Every structure is written in C-alpha cells, then in structure tokens.
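Shown next, in structure tokens, is the structure this report addresses.
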Amino acid sequence: MSVQPKIGPSILNADLSNLAAESQKLLDNGADYLHLDVMDGTFVPNLTFGHPMVKSLRNKIKTAFFETHMMVQNPEQWIEPMADAGVNLYTFHVEPVQDVVRVSRQVRESGMKVGLAIKPGTEVQDLEKYVSIADVVLVMTVEPGFGGQSFMADMMPKVKWLRDNYPSLDIEVDGGVGPKTIHCCAEAGANMIVSGTAVVGASDQAQVIKEMRDVVRSYLK
Ligand SMILES: O=C(CO)[C@H](O)[C@H](O)COP(=O)(O)O
Ligand SMILES: [Fe+2]
C-alpha cells in the first residue's frame, strides 16, 4: 500500500495543565495522531513528561494513535512503561543506543510500532542497516529539545534520499514545520508531519491541519 499523508500535532507548546482537552481539540480538528515529546534533561537540555502523564492522557483519550518521541539517553528503560501506558508508536533516537536492532525488537515485542529518529548532525545513511526493522523514520528538522525553533531546510536531502530508496516507508519530519515549510517537506517525500507551534497556536487549527495534509497528498505518488 502506498504511504498516506498524516498530520501529528506536537503538544509540546500546548497548555500542559489542560492536556486532555488540548489533545481532544486537535483530534476534533482533524489530527491523524498525537506526537508526544518525552525529554529526560540528559539527551536534550529540557525536561517534559514521562509515562505517568501519557497513561493519564490515554485514560481520557481511548482510541487516538499516540506516538512518543523519546528524546532520552536510555530508550530501552521506558519501553515497557510506555507500552503499558497505551503508546502505539515508540520513536527513539539512534544516537545514544548501542544495539538499535535489539531495542527495536523489544519495542515490537512489547506491542508498539518502531520509529527511528536522527538528529540534524546524524547522517541518514547511518540508518540504512536499520530501515528494514523500522515502521517510521523520523528526520529532525531542528535540534531536538525545544518547540518553536526555525525549520532546517538543509535536512531535506535526507528525506529525499530516504524516499528515493524506500518508496513505501513512513517518513516523518519534526521541528519548525507549518504552512510555510510544508511544501519543502512534501516535495522531498515526507508523509508524516509533526507540527507543534504552527498548529497549536493557530486560530483555525482545522484549516492548518487540512492545508498541510492536502499539500502532502499533492506530492505523493
Ligand atoms: O521534538 C520536538 C522538539 O525537539 C518537537 O516535536 C518539535 O519541536 C515540534 O514543535 P514545533 O513545530 O513548534 O517546532
Ligand atoms: Fe518531537
């Protein structure tokens, strides 16, 4: 089956004291999935939330597809708790991981899909040996750690290389993506679009989500 356009808002810059309502609003406005940014203060210089909060959110939102973007030094540690919390896609950075194949297998055995993420400084070809075990590859378009940063267009050759070599792979971009930068991502071949500030802060979230999905669809073969 060909890849589908999917928009996954990041709730990083949402009102976290009101997370369930903010998340439900995004879903009601057409979000295809929720992108939950988990940061441990070690892999990145910022701290967000962990599995207890994801589990609480799952108790309120029963059916939506949850991705956790694990910006953590030891992703292996959080596999079981996140599976128990109801996560569907466990996306972890390959940079701090010694044995990506083993961690990926554990993620899959726990019942979650496998996402492999790379920071801007990591070569995409480093992922070549792992693509066959991944459901999703995430190309970061900002340095991970904070929402609201500027999109790095120079990451697009990585996306294009992945699309050229893996036509049916789910390719995700994350960081500074919004209506102004979506064309660039879609043209390169991304089909899973994470967007935080541009969606959460929009006066018409439904319109922004639809606009981005339409742009991605127009580039997909
Ligand atoms: O992983 C992230 C930061 O490390 C976030 O998902 C990303 O920054 C989304 O927010 P924005 O669209 O505002 O950049
Ligand atoms: Fe993210």
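Keep in mind the model is a prediction, meaning the values are calculated, not measured. When a ligand or atom number is given, it counts from 1 through the structure's own listing order.
Cation-pi contact between Lys119 and Phe43: present, with separation from the ring centre below 6.0 Å and deviation from the ring axis of at most 45°.
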- Kindly indicate, with the supporting measurements, whether the criterion salt bridge (Lys or Arg N to Asp or Glu O under 4.0 Å) is fulfilled by Asp214 and Arg217. CA-CA 5 Å; Asp214 287 348; Arg217 186 175 288 117; 3.4 Å; yes
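Considering all non-hydrogen atoms of both residues, Tyr130 and Leu116 come closest at CB-CD1, 3.5 Å. For Ala134 against Leu169, the heavy-atom pair with the smallest separation is O-CD1, 4.3 Å. The two atoms that bring Ala117 and His69 nearest to each other are CB-NE2, 4.5 Å, heavy atoms only.
The number of protein N, O or S atoms lying under 2.8 Å from the Fe ion (ligand 2) is 4.
With salt bridges taken as basic N to acidic carboxylate O contacts below 4.0 Å, none links Lys6 and Glu172.
Side-chain contact between Val139 and Leu162 is present, with heavy atoms from C-beta onward closer than 4.5 Å.
Residue-environment remark: NZ (Lys129) exceeds the threshold of 12 foreign heavy atoms within 6.0 Å.
Here the rule is side-chain contact (heavy atoms from CB on, under 4.5 Å) with Asp37, and of Asp174, Asn46, Asn13 only Asp174 fits it.
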Short N or O separations between ligand 1 and the protein, below 3.5 Å:
{"residue": "ligand 1", "atom": "1 (O)", "partner": "Asp37", "partner atom": "OD1", "Å": "3.0"}
{"residue": "ligand 1", "atom": "1 (O)", "partner": "His69", "partner atom": "ND1", "Å": "3.2"}
{"residue": "ligand 1", "atom": "1 (O)", "partner": "Asp174", "partner atom": "OD2", "Å": "2.9"}
{"residue": "ligand 1", "atom": "4 (O)", "partner": "Gly145", "partner atom": "N", "Å": "2.8"}
{"residue": "ligand 1", "atom": "6 (O)", "partner": "His35", "partner atom": "NE2", "Å": "3.3"}
{"residue": "ligand 1", "atom": "6 (O)", "partner": "Asp37", "partner atom": "OD1", "Å": "3.0"}
{"residue": "ligand 1", "atom": "6 (O)", "partner": "Asp37", "partner atom": "OD2", "Å": "2.9"}
{"residue": "ligand 1", "atom": "6 (O)", "partner": "Asp174", "partner atom": "OD1", "Å": "2.7"}
{"residue": "ligand 1", "atom": "6 (O)", "partner": "Asp174", "partner atom": "OD2", "Å": "3.0"}
{"residue": "ligand 1", "atom": "8 (O)", "partner": "Phe146", "partner atom": "O", "Å": "3.4"}
{"residue": "ligand 1", "atom": "12 (O)", "partner": "Gly196", "partner atom": "N", "Å": "2.8"}
{"residue": "ligand 1", "atom": "13 (O)", "partner": "Gly148", "partner atom": "N", "Å": "2.9"}
{"residue": "ligand 1", "atom": "13 (O)", "partner": "Thr197", "partner atom": "N", "Å": "3.0"}
{"residue": "ligand 1", "atom": "13 (O)", "partner": "Thr197", "partner atom": "OG1", "Å": "2.4"}
{"residue": "ligand 1", "atom": "14 (O)", "partner": "Gly176", "partner atom": "N", "Å": "2.8"}

